[in-house]
Amino acid sequence: AQKITQTQPGMFVQEKEAVTLDCTYDTSDQSYGLFWYKQPSSGEMIFLIYQGSYDEQNATEGRYSLNFQKARKSANLVISASQLGDSAMYFCAMREGLGRDDKIIFGKGTRLHILP
Amino acid sequence: ETGVTQTPRHLVMGMTNKKSLKCEQHLGHNAMYWYKQSAKKPLELMFVYNFKEQTENNSVPSRFSPECPNSSHLFLHLHTLQPEDSALYLCASSQDNGLIREQFFGPGTRLTVL
């Protein structure tokens, strides 16, 4: 079974609209972390936002927010007021385990296209 | 220079060649990683080094050989590769001292095996 599921292989969104990228996860750990990364065509993975499993409030970083619904095991990324430069691959990832045994697992990604 | 750098950015090699990928991090981190990114597949973690010791090897074929001479440098030695090894190889680093282990990635090496 997949640990991280991103159901949207591709999305097209009009510039300035808000975007929600879906991510669901599967873990039996109580302590875990969720990440979103952006990968432009240049290839570099850029960290966007982090949510810890014990964080009560949804994480926000500028135009990025993480809609964390623990009971549903969902960690959707919301991008407000999308820009052309937001066109990229977006990966959801989860860290589970403790200390040196922890692992970071990535989803297959969603390709986001922002239309002018 | 800051962040995580990788050289070369592009590499084309034959199946009988030997080459090495280099990664350098200028962030003072103590953990480094090699990932393989193939088309339409999730990132695959290959190797993890914590404090220069290899802590993870995810069943990677022996034709890939990592080396971590110090906490700032990580190499991936390649020999007798196969065409299916063509992929983007990403290096990352993190500070392994707490729950949050945000990884900082390099720009990657695009490898093509002929």
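Computed over heavy atoms, backbone and side chain alike; hydrogens, waters and symmetry mates excluded. Since the structure is predicted, the reported quantities are computational estimates derived from the model, not experimental observations. Below, chains carry the letters A, B, ... as their sequence lines are ordered, and counting in each starts from 1.
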Side chain from CB out, backbone as N, CA, C, O: work out which of these in [X] comes under 4.5 Å of a heavy atom of chain A, or both, or neither.
X	answer
B:Arg9	side chain
B:Leu88	side chain
B:Gln37	side chain

Turns out that what part of A:Phe91 lies under 4.5 Å from chain B's heavy atoms comes down to side chain
Note to self: Is A:Gln6 close to chain B through its backbone or its side chain, or both, or neither, when contacts mean heavy atoms under 4.5 Å?
What the structure shows: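 For A:Gln6, no heavy atom lies under 4.5 Å from chain B.
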**Asked** Between A:Tyr37 and A:Phe106, what is the ring plane arrangement, given parallel below 30°, perpendicular above 60°, and tilted in between?
**Response**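 Tilted.
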Hey, does the side chain of A:Glu17 reach the backbone of A:Ile114 with a donor-acceptor pair shorter than 3.5 angstrom?
no
Among B:Leu111, B:Thr16, B:Leu114, B:Asn17, exactly one meets side-chain contact (heavy atoms from CB on, under 4.5 Å) together with B:Leu81. Which residue is that?
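Going through the options one by one, the only one that passes is B:Leu111.
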Can B:Ser94 and B:His29 be counted as having a side-chain donor-acceptor contact under 3.5 angstrom? no
Review point. Got A:Thr24 and A:Arg72 here, is their nearest side-chain heavy-atom distance under 4.5 Å?
Key: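 No - every pair of side-chain heavy atoms lies 4.5 Å or more apart.
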